[in-house]
Structure formats: C-alpha cells, structure tokens
There are 2 protein chains.
Amino acid sequence: MAKRISHMHSMCGVARPLDAIGDWWSLLIIRDAFDGLRRFGEFQRNLGLAKNILAARLRNLVAHGIIDSVPASDGTPYQEYVLTEKGRGLFPLLVALRQWGEDFFFEPDEAHVLLVDRKAGLPVRRLELRSQDGRVLGPEDTVVRSPPVSPAKARSKPGRSGGARNSGRGPESG
Amino acid sequence: MAKRISHMHSMCGVARPLDAIGDWWSLLIIRDAFDGLRRFGEFQRNLGLAKNILAARLRNLVAHGIIDSVPASDGTPYQEYVLTEKGRGLFPLLVALRQWGEDFFFEPDEAHVLLVDRKAGLPVRRLELRSQDGRVLGPEDTVVRSPPVSPAKARSKPGRSGGARNSGRGPESG
DNA sequence: AGTCCTGGTTGCTAATTAAAACCACATATC
DNA sequence: GATATGTGGTTTTAATTAGCAACCAGGACT
C-alpha cells in the first residue's frame with residue numbers, strides 16, 4: 001500500500017493526515033463520496049481507475065476510518081461506502097483545493113463548474129483563515145507553535161520533540 | 001514524473017490541482033516553504049527525502065509555477081526556491097489539512113503544535129465555508145454547478161461535457 | 001441452463017520511486 | 001597548494017507500485 005512518507009522523523013500534523021488519505025485517487029474518491037456516490041461501481045465508472053486500485057484505496061480509507069463500509073441500503077448483497085465523521089471533516093480541504101483550482105487552473109474564459117450555496121444558488125465565499133478577533137490571516141500572520149505544556153503532561157511524551165523548542169519559525173513546523 | 005491521474009476523463013477542478021502539486025512530498029515541500037525554508041539542503045534535511053526525489057519534485061513544482069527558482073540572495077552561486085503567488089494560494093489548503101489533522105490524528109492528551117495568530121498569540125479560528133450572506137455551509141449545503149453559459153462561449157468548448165447537464169448532484173462533479 | 005451485471009481478487013509487466021554512489025563547484029583549512 | 005568539507009545536484013540501480021487483463025463468485029434475468 002505505498003511506502004508513502006511514513007518513516008518521516010516527526011510525522012507532524014500535516015504529514016500524518018497525508019499518510020492516512022493515501023494518495024490522490026483517495027482524495028478523488030472522497031470527493032465523489034461527498035457528491036453522493038456510494039457504490040464500488042459508481043466510483044469506478046466515475047473515476048475510471050482500475051478495480052484493484054479502487055478496491056485497495058477503499059480498503060485503506062476504511063482502515064483509516066475515513067470511509068465506512070456498510071451493507072447496501074437497497075437490498076442488494078453488496079457494500080456501500082459512506083463517509084465517516086472523520087471523512088466529512090475533509091470538506092474544507094476539498095473546498096480549498098477546488099478554490100485553488102478555480103483560481104489558477106482555468107483560463108479566464110474557460111468555463112468550469114463552481115461551488116454554489118444550494119439554498120441561495122450563489123457561489124460560496126472564499127475560504128479565509130481568521131484570527132479569534134476576526135482578522136483575515138495570511139501565511140505571514142501565523143506561526144506554528146507548541147501549546148503551553150501543562151506540568152502533568154510534561155513528562156508523558158518524552159520521545160517526541162514537541163515540548164519546548166521551536167516556538168518560532170523553522171523546521172519541525174508540524 | 002509519475003503517471004498520475006492525468007488521463008482522467010474530465011480533469012475537473014479538483015483533479016487538475018492535484019496533478020499540478022504532484023504528490024505528498026511536494027505538499028510537504030510547500031509547507032516547508034511557507035515556513036521560510038528556501039534552500040535545497042534545508043528541504044532535504046528537514047524532510048529527510050532522497051536528493052533525487054527532492055530535485056524532481058522541485059523541478060515539477062517550478063514547472064507548474066508553484067515555486068520559483070531564483071538566484072540565492074546570500075551571494076552563493078546557488079538557487080533558492082520561493083513560493084509564487086500560485087504557491088502561496090495553497091495556504092488555505094494546508095491549513096485545512098492541518099486542522100483536520102488536529103481534529104482526528106492526535107490523542108486527546110497528545111501534545112501537538114498548533115497554528116497561532118502571530119500577532120495575538122492565540123490559536124487561529126477554524127476554517128469555515130460561508131455563503132455570500134454569511135451562513136456556515138456544510139457538505140450538504142453546497143452543489144457543484146456549471147456557471148450560466150454565456151451564448152458566446154456556448155460553442156467554444158464542444159469537447160468538454162461541462163455545458164448543460166449536471167446542474168445537480170452526480171458524477172462529473174468537477 | 002445460459003448470460004449478464006455487480007463487486008471484487010489474482011497475476012503479470014511496465015513504469016516509478018527512492019537509496020546510494022558519484023560528480024562538480026565553491027569555500028574553508030592546513 | 002593540497003586537502004577536507006558543504007552544497008546542489010545527476011546517474012545508477014534495485015525494489016515497489018500501478019494498472020491492465022483475466023478470472024471468479026453470487027445474484028438476477030431470459
């Protein structure tokens with residue numbers, strides 16, 4: 001199932017999720033799942049990937065708790081694949097990806113689908129990262145920082161380097 | 001450079017960006033670039049990946065306009081790799097990924113770094129998708145829809161199926 | 001009974017990945 | 001001036017992976 005980036009030193013908060021998703025196909029499967037697809041054949045036809053690959057990806061996603069494999073709801077003896085809560089948590093990521101795509105991957109005059117608010121029928125707003133007090137934050141306005149270490153936890157995880165260092169910029173940004 | 005998911009039927013607004021990014025390593029490189037890393041050796045040491053892989057990924061990212069390769073600013077005759085505007089556009093995606101990771105990939109008591117607003121020193125807000133009028137939107141509240149087709153463009157791209165069909169749910173969600 | 005559809009698994013081969021060795025250039029050191 | 005050392009890669013090579021195709025099994029339809 002792919003060597004992937006495991007053996008990463010830190011397996012930080014970005015690498016870990018990547019490892020769970022698996023690969024691009026998985027992300028497209030998840031997107032299709034958000035779109036209401038549930039059956040093996042639906043995914044396969046829609047994505048056009050080999051069946052063994054699809055089977056492997058679905059297995060992996062199920063193993064990581066992103067998709068749940070449930071008995072088909074229509075009486076057929078097959079499985080349906082539905083997003084778990086964890087899987088549904090990927091919604092912002094997919095939206096971010098899509099918005100980035102809309103921004104940079106289409107000619108100005110090239111027609112492309114866009115995400116609209118179902119109720120109002122209008123395009124959605126752009127995703128924005130905001131501070132607690134509502135300012136929009138860009139890359140320079142944020143830092144990755146270790147949380148304040150409560151004394152009780154200070155000795156619980158001696159192995160990971162996350163404790164004290166790196167409260168500023170630099171490697172091991174997690 | 002990986003067969004990837006090219007040969008996808010539609011290369012929709014999600015698949016296209018994925019294709020450009022390349023793979024997980026690339027995303028980690030981008031994350032490190034956001035973190036201020038610029039030199040080949042910095043990336044290599046920080047990520048622990050083979051040099052040829054790093055070189056290939058950097059080439060790919062440069063080719064896709066995500067990273068720019070500029071002469072080093074410190075007088076050395078080497079290159080520095082800095083994010084382009086397009087690359088910086090990936091910030092929300094990385095934040096989404098990180099927040100998802102924070103939600104589902106750490107034990108409740110497991111310490112992990114988190115993203116804080118540099119100025120206030122407080123954790124950032126959660127990314128939320130909102131409608132034009134400010135409602136928070138979940139997966140069910142959105143649809144992927146073709147934009148209204150202006151007559152001039154109606155015949156410009158006969159090949160792509162994006163024209164009329166699929167204004168609702170279903171495949172080819174782009 | 002035969003055929004088709006769904007939902008996979010199993011082999012196989014070609015293509016990719018990644019580790020390691022190598023190389024060129026520059027700077028620092030003796 | 002010769003030698004080590006760090007940077008920024010490329011080439012070589014072995015192992016892994018992807019994806020095609022074939023196969024298989026249960027059910028439905030004819």
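All chains are named by letter (A, B, ...) in the order of the sequence lines, taking the proteins before the strands, and each is independently numbered beginning at 1. All figures in this text were calculated on a predicted structure; none of them were measured in a lab.
- Rounded to whole angstrom, the span from the CG atom of A/Leu54 across to the P atom of D/dT17 amounts to 18 Å.
- Applying the side chain to side chain donor-acceptor pair (under 3.5 Å) rule to A/Asp141 yields no partners; only residues at least two apart in sequence or on another chain are considered.
- Here C/dA18 presents its P atom at 13 Å from CG of B/Asn60, a figure rounded to the nearest Å.
- Following rounding to the nearest Å, B/Trp24 (CH2) and C/dT17 (P) show an atom-to-atom distance of 14 Å.
- Spacing between atom CD1 of B/Ile53 and atom C1' of D/dT13 amounts to 13 Å, rounded to whole angstrom units.
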Using a cut-off of under 3.5 Å, enumerate the N/O to N/O pairs linking the protein to nucleotides 5-13 of chain C.
{"from": "C/dT6", "atom 1": "O2", "to": "A/Tyr78", "atom 2": "OH", "distance (Å)": "3.3"}
{"from": "C/dG7", "atom 1": "OP1", "to": "A/Arg39", "atom 2": "NE", "distance (Å)": "2.5"}
{"from": "C/dG7", "atom 1": "OP1", "to": "A/Arg39", "atom 2": "NH2", "distance (Å)": "2.6"}
{"from": "C/dG7", "atom 1": "OP2", "to": "A/Gly41", "atom 2": "N", "distance (Å)": "3.2"}
{"from": "C/dG8", "atom 1": "OP2", "to": "A/Tyr81", "atom 2": "OH", "distance (Å)": "2.8"}
{"from": "C/dG8", "atom 1": "N7", "to": "A/Lys51", "atom 2": "NZ", "distance (Å)": "2.7"}
{"from": "C/dG8", "atom 1": "O6", "to": "A/Lys51", "atom 2": "NZ", "distance (Å)": "2.5"}
{"from": "C/dT9", "atom 1": "OP1", "to": "A/Arg59", "atom 2": "NH1", "distance (Å)": "3.3"}
{"from": "C/dT9", "atom 1": "OP2", "to": "A/Arg59", "atom 2": "NH1", "distance (Å)": "3.0"}
{"from": "C/dG11", "atom 1": "O6", "to": "A/Asn52", "atom 2": "ND2", "distance (Å)": "3.4"}

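- Two rings, from A/Phe91 and A/Phe34, have their centers less than 6.0 Å apart.
- When the P atom of D/dG8 is taken as reference, atom CD1 of B/Ile67 falls 14 Å away, rounded to whole Å.
- Atom-to-atom, CG of B/Leu49 to P of C/dA19 comes out at 8 Å; the value is rounded to the nearest Å.
- Between A/Glu128 and B/Arg126 no salt bridge is recorded (no basic side-chain N to carboxylate O distance below 4.0 Å).
- For A/Trp25, no side-chain nitrogen or oxygen approaches OP1 or OP2 of D/dA18 to under 4.0 Å.
- The phosphate of D/dG19 (OP1 or OP2) has no side-chain N or O of A/Arg57 nearer than 4.0 angstrom.
- Computed from coordinates, the B/Asp74 CG to C/dT27 C1' distance equals 13 Å when rounded to whole Å.
- In this structure, A/Lys86 satisfies the cation-pi test against B/Phe105, with its NZ or CZ atom closer than 6.0 Å to the six-membered ring centre and inside 45 degrees of the ring normal.
- A salt bridge links A/Asp74 with A/Arg39: at least one charged nitrogen is closer than 4.0 Å to a carboxylate oxygen.
- Taking the side chain as every heavy atom from C-beta outward, A/Val124 and A/Gln99 approach each other to under 4.5 Å.
- The CG-P distance, from A/Asp23 to D/dT16, rounds to 18 Å in whole Å.
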